Structure formats: C-alpha cells, structure tokens
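As a basis for the values below, the full set of heavy atoms in this structure was taken, side chains included, without hydrogen atoms, waters or symmetry mates. Predicted model, so just to flag it, every value in this text is computed and none were measured. We count residues from 1, following the sequence as given.
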Amino acid sequence: MERKFVLPKIGELSATVSVDSICRYEKVPTSILPTEDEGSKYAASLVVEAIKKHKGDSKFVLGLSTGRSPLGLYKELVRIYENGGVSFKNVEVYSLDEFYPMDPASPRSRNYRIHEELLNHVDILPENVHFPDTTIPMDKVNDYCEELEEKVSGKIDLMIMGVGELGQVGFNEPGAYAKSTTRRVQLSYNSRKTQDSFFSNPNDVPKMAITMGLDTIMKSKKVILIIWGEDKARVAYNLIEGVEDENIPVTCLQEHDDIHVVIDENAAQELTRVKSPWLIAPPVEWSPKLIRKAVLWLCETVKKPILKLTNQDYVKNSLTDLLERVDTYDNINIRVFNDIQHIISGWPGGKPNADDSTRPVPSSPFPKRVIIFSPHPDDDVISMGGTFNRLVQQGHDVHVAYETSGNVAVYDDVVLQNIDTAREMGFGDIYNEIKEIIDTKVPGMPEPRRLLDIKGAIRRAEARAACRTLGLDDRTNAHFLNLPFYETGGIKKGELTEKDIDIVAELMQQVKPHQIYAAGDLTDPHGTHRICVEAVLRAFERLKDEDWAKECHIWLYRGAWQEWDLAVADMAVPLSPAEMIRKRHAIFRHLSQKDIVPFPGEDSREFWERAEERMQNTASVFDKIGMPEYQAIELFVKLC
C-alpha cells in the first residue's frame with residue numbers, strides 16, 4: 001500500500017528558479033520528490049532508462065545494495081518488469097557488499113534479501129548474479145577480494161546505493177580511505193546497530209563484511225544514490241551541500257562525473273532550498289508559518305530574541321524581500337512574537353468558559369473525547385506523557401490505542417524473569433516449558449507464537465501500569481489493537497493492509513473523538529511509526545464524512561528521536577517540574593524497556609533521558625527568542 005504521509009510543508013521556491021541559483025549551494029545533481037514512493041518510482045525510471053539505452057553485445061552491469069532505502073525502488077522495478085516495461089536478460093548484477101562470514105541461504109544475508117526483493121521476480125539469468133562469497137576461509141579472503149576487485153572495478157554501468165546515517169556507503173565506515181578497494185572490513189558499532197533491524201538478537205549481527213571500496217564505487221560509470229527520511233536529512237546535506245570529508249564517506253561522491261541523487265522531502269529538510277529558501281530566491285508566497293520560520297532563523301543567526309531584531313538584521317541576512325512584500329521589520333517582529341505566544345497552552349483539550357479566539361484548541365465542547373494513538377506500548381508516555389496527563393487531569397474522556405504489541409522488543413531473559421516471578425508467587429510453573437522454547441529458537445526465523453504472546457502480555461501490563469500512573473482507567477480506556485502488519489514474528493514487518501485500517505476505523509467509530517493524537521515521527525529505525533500514522537490517517541479519511549469527524553482535529557506528536565521545528569508547531573504545552581517527574585514515572589513502568597542498551601555506543605541514554613532533554617531544549621528555544629521561561633515543553637502540529 002503506497003505511503004502518503006509527508007511532514008508539513010510551509011513554503012517553497014518558484015518553479016522558475018534557475019538551476020544556477022540552486023547550484024550555488026548544491027554540488028551534485030539532486031531531484032527532490034514529495035514522498036519515498038514517488039522517489040522510488042522516479043529512481044526506478046532512471047534505472048529502466050539506463051538499461052534500455054545500453055547498446056552492444058556486452059551485458060549491462062548493475063551494482064545493487066540492500067537495506068531499507070532500495071526496497072521501494074526494487075518493488076517498482078518488479079512492477080515495471082511484470083508490465084512488460086523492461087527485461088533483465090541482458091543485465092549482470094554485482095552486490096555492493098555482504099556480511100562475513102554468512103551462509104548465502106540465510107534469510108539475514110544480503111544475497112537472500114536482494115533475491116527476495118528483486119531478483120526472484122524478474123527474468124535475470126542465474127549465471128549473471130554475483131555476490132561476494134562469504135564462505136571463503138579467513139586465510140584466503142584477502143586474495144579473493146583482490147580477484148573480485150579485478151572483476152568489478154570500472155565495469156559497473158550503474159550503481160544503485162543508499163547511505164547510512166553517518167554517511168556510510170556499502171560498509172565503508174567513517175574514515176575509510178578514498179582509494180579503498182574491495183576488501184574485508186570490521187563493522188563499527190553504528191553499522192551493526194543499523195543492521196539490527198534484520199536480526200532477532202543484536203548480538204547475532206556479524207562483526208565483519210566484504211564490501212566494494214570507495215575507489216571501486218567511484219569507478220562506476222553512473223551512480224544513483226537514494227536517500228529517504230528525515231533521519232537521513234543531515235547526511236543528505238553533507239553530500240549535497242557540504243565539503244568532502246573522509247569521516248563522511250559518501251561525500252567523496254561529490255567528485256563523481258555522473259551521479260544523480262534522488263531524495264524525498266523528508267530527507268531534504270536541511271537543504272538550503274528547503275530550510276532557508278530566501279537565501280536562493282524569493283519564495284512563491286510568504287505564508288504566516290514561512291514568515292515565522294524566517295524570523296526564527298534570523299534569531300538563531302544573529303543570536304537575538306524576536307523583539308530585538310532590527311531592520312539592518314533583516315537586510316544583512318537576505319530578508320529584504322520579506323520587508324518589501326509583507327511589512328516593516330517591527331510589525332513583523334510583533335506579528336511573529338504574538339503568533340508564537342498564542343500557540344502556548346496549558347489546556348490541550350481547550351479551557352472551559354474561556355475566550356479561545358487566540359488559543360490553539362477551542363473551549364467547546366467540554367469535556368472532549370480524545371484518542372491517543374501510540375505505535376508501540378510506550379510511545380504515548382515517552383513522547384506526550386505530560387500532555388496525556390493534562391488531558392486526563394482536566395477531565396477529558398481520554399482513550400489510548402496501542403497500535404502494535406511491541407512483542408519483539410522484549411528480550412528472552414526478561415520473559416524468564418517474569419515467568420519466574422509468577423512461579424514464585426504461586427501462579428503456576430511453566431518456566432521449563434518457556435526455557436525450552438527459547439533454547440530451541442532458530443536464528444533468523446520468526447519467533448514461536450507462544451513466546452510472542454507472552455512478550456506481548458508483558459508489554460500490555462506495562463502499558464496499563466503507565467496509564468494508571470497518569471490517572472487513566474486502564475480497563476476501560478486502554479485499547480490494544482495488535483495491528484496485523486506488525487505480527488510477523490520478526491523484526492521486519494509486513495505491509496499496511498485494509499485489515500489494519502479496519503481495526504483503527506472501528507475504534508474511531510466507537511469513541512467518536514473530538515481530538516486524535518498520532519505519532520508524526522518518521523525517524524523510527526524499524527519503520528513502525530510510519531506505518532502506524534498511515535493507518536490512522538487512512539482510517540480517518542474513510543470516516544471523514546461522519547458527523548463526529550467533521551468536528552474532530554488530528555494533532556501530531558513526535559517520537560523519542562526528535563522534536564518538531566518550532567516553525568511548524570501549532571501547540572506548545574508547557575510542563576512544570578512536578579509534571580516532568582510524573583511523566584518520568586509513567587515511562588518507568590515500561591520495565592522491559594528500561595536499563596537495556598544492546599549496543600553500548602554514542603547515545604546509550606534511556607528513552608526518559610532523551611525525552612526530558614528534548615523537552616528542556618524546546619523550552620530553552622522559547623526562552624532564547626524572548627518567550628516566558630518554562631521547565632519543559634511538548635510540541636504538536638495540527639494536521640486537520
């Protein structure tokens with residue numbers, strides 16, 4: 001099912017802006033598509049075009065990579081093939097990398113995944129498919145890599161690649177030598193953490209791999225680099241506008257003679273034409289939020305609060321067009337100051353009997369019926385626990401819908417501890433039975449249903465405890481939807497289907513909410529948040545003509561990884577120190593998720609620590625621009 005959700009867009013350049021103007025900042029040809037699906041289709045069309053243009057008797061040599069990035073592209077290539085739009089009979093394929101050592105038949109191998117995602121569905125000849133042989137003995141692997149380098153160096157007609165969050169291409173880690181060739185490499189913590197999404201146990205992620213080198217990649221005749229999602233926005237900026245840096249390997253591709261970068265709008269957020277378009281050319285329209293964005297950018301640039309900005313500050317920083325087309329600097333300052341001041345509200349459900357002409361939420365009706373959709377059983381309290389608490393304490397009829405079971409995020413030793421506790425309390429002894437199930441699990445295969453059911457039960461009990469901490473009746477107002485797309489038994493999830501949407505729509509019809517809160521966070525590394533918000537929006541779209549839906553508004557909160565940009569926020573809910581502690585206590589109820597850091601690395605903090613720092617940093621931004629000083633703030637975007 002095609003994904004439609006994109007982050008809020010508040011301004012854009014005119015379509016008539018010259019390429020030269022954009023190239024003042026961008027060093028490589030870049031196409032920005034609205035969504036990952038549209039970007040995948042566009043990238044696939046470039047691949048098909050290159051295959052069809054290939055002339056002569058020689059095979060068209062295609063370099064392929066794995067991971068999340070190319071999944072949509074491969075799916076589109078299969079669709080085009082099935083419709084007769086392309087043939088792969090004259091295509092020869094080389095894989096960019098593979099874990100070492102690794103059984104080629106293992107579901108966790110790159111070999112297996114590329115076959116499952118693309119090669120098994122097209123007419124490519126088996127003898128034209130080449131993957132690194134990761135069964136080669138350790139004492140022979142260096143000689144093998146040299147032989148493989150001779151086969152591929154300068155022979156690849158088109159290389160398709162994604163990029164890691166730290167700028168890795170293939171398994172070329174930060175600091176990789178620009179002239180590196182095909183070789184065996186040691187995988188860093190970050191690369192292993194990224195690959196954790198394909199393994200049931202983080203300790204199972206291989207510590208080594210065979211990868212083409214940066215020089216090998218650079219000798220490809222053409223490169224298509226695809227980048228999706230806001231978690232890749234910084235690395236997209238580094239490649240497209242930054243300087244070449246060996247600690248960001250992908251930046252070496254700035255020197256490639258024929259590279260085309262395809263990204264979605266979420267990954268393009270840090271690019272100048274998106275983040276501060278006025279530096280390139282006047283925007284199409286100075287909308288209220290774009291004005292706010294420009295003024296906040298100016299505050300950060302000159303290190304001043306809003307009401308201290310001067311006419312000279314605007315002129316010196318390329319905002320003359322704003323003054324000429326909108327208003328004088330002092331009137332703009334006051335307008336933006338009031339605009340931001342009016343989104344601050346301690347009454348997220350509306351304040352009864354109050355003048356709500358400048359408040360983000362109307363006072364009527366009161367109390368409101370509210371559904372908080374939480375992708376996992378803890379996102380509600382991690383991301384908006386303070387607002388959740390306010391809604392309950394202020395008398396609204398609040399319901400929480402946990403969209404997935406979260407069962408794969410419970411470790412086996414946590415299961416055994418819970419089973420042992422039940423045994424010690426006299427509630428039955430199934431310890432040995434469950435221990436045997438755990439001991440006989442097959443690596444790479446879905447977990448046994450019996451074990452998943454227990455893990456799901458653990459997470460439900462934790463979610464109920466968190467609800468009770470915030471004063472919610474966990475028996476009547478906590479709903480566990482167990483959406484089918486999640487229940488694959490493994491880390492990799494299924495596609496969103498009508499069955500998932502039906503379940504969400506049924507709850508909406510039951511509650512008939514005035515407010516819906518959903519996770520608008522797209523940086524979740526396993527993609528669950530993205531699918532869950534699609535389920536909510538598609539269900540609401542189906543019901544939009546219902547009487548209750550016409551009065552309902554959808555508010556988006558962020559996940560544990562980042563907060564909304566103040567430029568797009570529609571409501572800011574300030575929290576007191578006491579409310580911060582109550583939120584923390586609710587997060588602590590999720591014991592299976594606490595104190596567990598499978599990969600000790602650069603950010604080993606728990607979710608509550610990340611959440612508190614995020615909220616305090618947001619409050620600090622308000623303070624710096626001249627707003628009242630708060631302990632912490634949670635931000636929301638109004639979708640409709």
Side-chain angles (χ1 to χ4, degrees), residues 40 47 61-75 77-78 88 91-122 124 126-136 141 144-145 147-149 151-152 156 158-165 168-173 176 180-188 190-202 204-214 216-217 220 223-226 228 249-250 443-445 490-492 525-527:
S40 294
V47 176
V61 182
L62 185 64
L64 297 179
S65 62
T66 55
R68 287 183 295 141
S69 297
L71 291 178
L73 186 154
Y74 293 159
K75 183 178 180 180
L77 286 176
V78 171
F88 289 82
V91 174
E92 189 169 14
V93 164
Y94 283 90
S95 175
L96 177 63
D97 50 33
E98 180 59 282
F99 295 116
Y100 179 85
M102 174 60 69
D103 178 358
S106 169
R108 299 178 295 184
S109 71
R110 321 286 260 185
N111 185 336
Y112 181 91
R113 281 164 24 212
I114 291 183
H115 274 86
E116 284 293 296
E117 294 156 5
L118 174 63
L119 301 180
N120 288 347
H121 309 286
V122 297
I124 193 165
E127 61 267 29
N128 290 339
V129 177
H130 310 284
F131 282 80
D133 185 351
T134 49
T135 64
I136 292 286
V141 71
Y144 169 76
C145 288
E147 295 172 5
L148 184 57
E149 175 70 13
K151 291 180 180 178
V152 299
I156 296 175
L158 173 61
M159 174 66 75
I160 301 171
M161 294 190 303
V163 59
E165 291 181 23
Q168 307 98 316
V169 283
F171 282 125
N172 292 284
E173 305 282 1
S180 59
T181 57
T182 302
R183 67 205 186 282
R184 176 178 60 86
V185 295
Q186 192 83 15
L187 297 183
S188 70
N190 283 293
S191 288
R192 293 182 68 228
K193 181 178 180 181
T194 300
Q195 297 305 318
D196 179 30
S197 61
F198 299 100
F199 292 80
S200 57
N201 186 327
D204 291 339
V205 181
K207 295 180 175 62
M208 293 183 289
I210 292 175
T211 184
M212 292 185 193
L214 293 176
T216 319
I217 295 168
S220 302
V223 173
I224 294 178
L225 190 73
I226 50 179
W228 318 130
V250 72
M445 298 302 291
I491 300 297
K492 186 176 180 180
H526 298 153

Which atom of [X] lies closest to which atom of [Y], heavy atoms considered:
{"X": "Ala105", "Y": "Tyr112", "answer": "O-CD1, 3.7 Å"}
{"X": "Val169", "Y": "Gly162", "answer": "CG1-O, 4.0 Å"}
{"X": "Thr216", "Y": "Glu149", "answer": "OG1-OE1, 2.8 Å"}
{"X": "Ile136", "Y": "Tyr100", "answer": "O-OH, 2.6 Å"}
{"X": "Asn128", "Y": "Val91", "answer": "CB-O, 3.4 Å"}
{"X": "Ser65", "Y": "Ile114", "answer": "O-CD1, 4.0 Å"}

Rounded to the nearest 0.5 Å, how far does [atom2] of [Y] lie from [atom1] of [X]?
{"X": "Leu73", "Y": "Leu64", "atom1": "CG", "atom2": "CG", "result": "9.0 Å"}
{"X": "Leu118", "Y": "Ile160", "atom1": "CG", "atom2": "CD1", "result": "8.0 Å"}
{"X": "Leu187", "Y": "Arg184", "atom1": "CG", "atom2": "CZ", "result": "10.5 Å"}
{"X": "Leu77", "Y": "Phe88", "atom1": "CG", "atom2": "CZ", "result": "5.0 Å"}
{"X": "Ile156", "Y": "Lys151", "atom1": "CD1", "atom2": "NZ", "result": "13.0 Å"}

Task: Passing option when Tyr74 is tested against Arg113, Glu117, His121 for side-chain contact (heavy atoms from CB on, under 4.5 Å) - done: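 When Arg113, Glu117, His121 are each tested with Tyr74, the side-chain contact (heavy atoms from CB on, under 4.5 Å) holds only for Glu117.
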Task: Single hit among Asp97, Val250, Ile217 for side-chain contact (heavy atoms from CB on, under 4.5 Å) with Asn172 - done: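 When side-chain contact (heavy atoms from CB on, under 4.5 Å) is applied between Asn172 and each of Asp97, Val250, Ile217, only Ile217 qualifies.
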- [ ] Could you walk me through whether Met212 and Thr182 pass the side-chain contact (heavy atoms from CB on, under 4.5 Å) test, one step at a time?
- [x] CA-CA 4 Å; Met212 292 185 193; Thr182 302; 4.1 Å; yes
Just by modelled atom types, is the [Y] backbone N or O under 3.5 Å from a matching donor or acceptor in the [X] side chain?
{"X": "Glu173", "Y": "Ser188", "answer": "yes"}
{"X": "Glu98", "Y": "Ile210", "answer": "no"}
{"X": "Ser109", "Y": "Pro104", "answer": "yes"}
{"X": "Ser95", "Y": "Phe131", "answer": "no"}
{"X": "Ser106", "Y": "Asp103", "answer": "no"}
{"X": "Arg192", "Y": "Val205", "answer": "yes"}

Task: Working for side-chain contact (heavy atoms from CB on, under 4.5 Å), residues Arg183 and Thr211 - done: CA-CA 6 Å; Arg183 67 205 186 282; Thr211 184; 4.0 Å; yes
Task: Non-hydrogen side-chain atoms of Met102 and Pro206 separated by less than 4.5 Å - done: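 Counting from C-beta outward, Met102 and Pro206 do come under 4.5 Å.
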TODO: Anything under 30° is parallel, anything over 60° is perpendicular, the rest tilted; go ahead and classify Tyr94 against His130.
DONE: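 Ring orientation, 0 to 90° scale: parallel.
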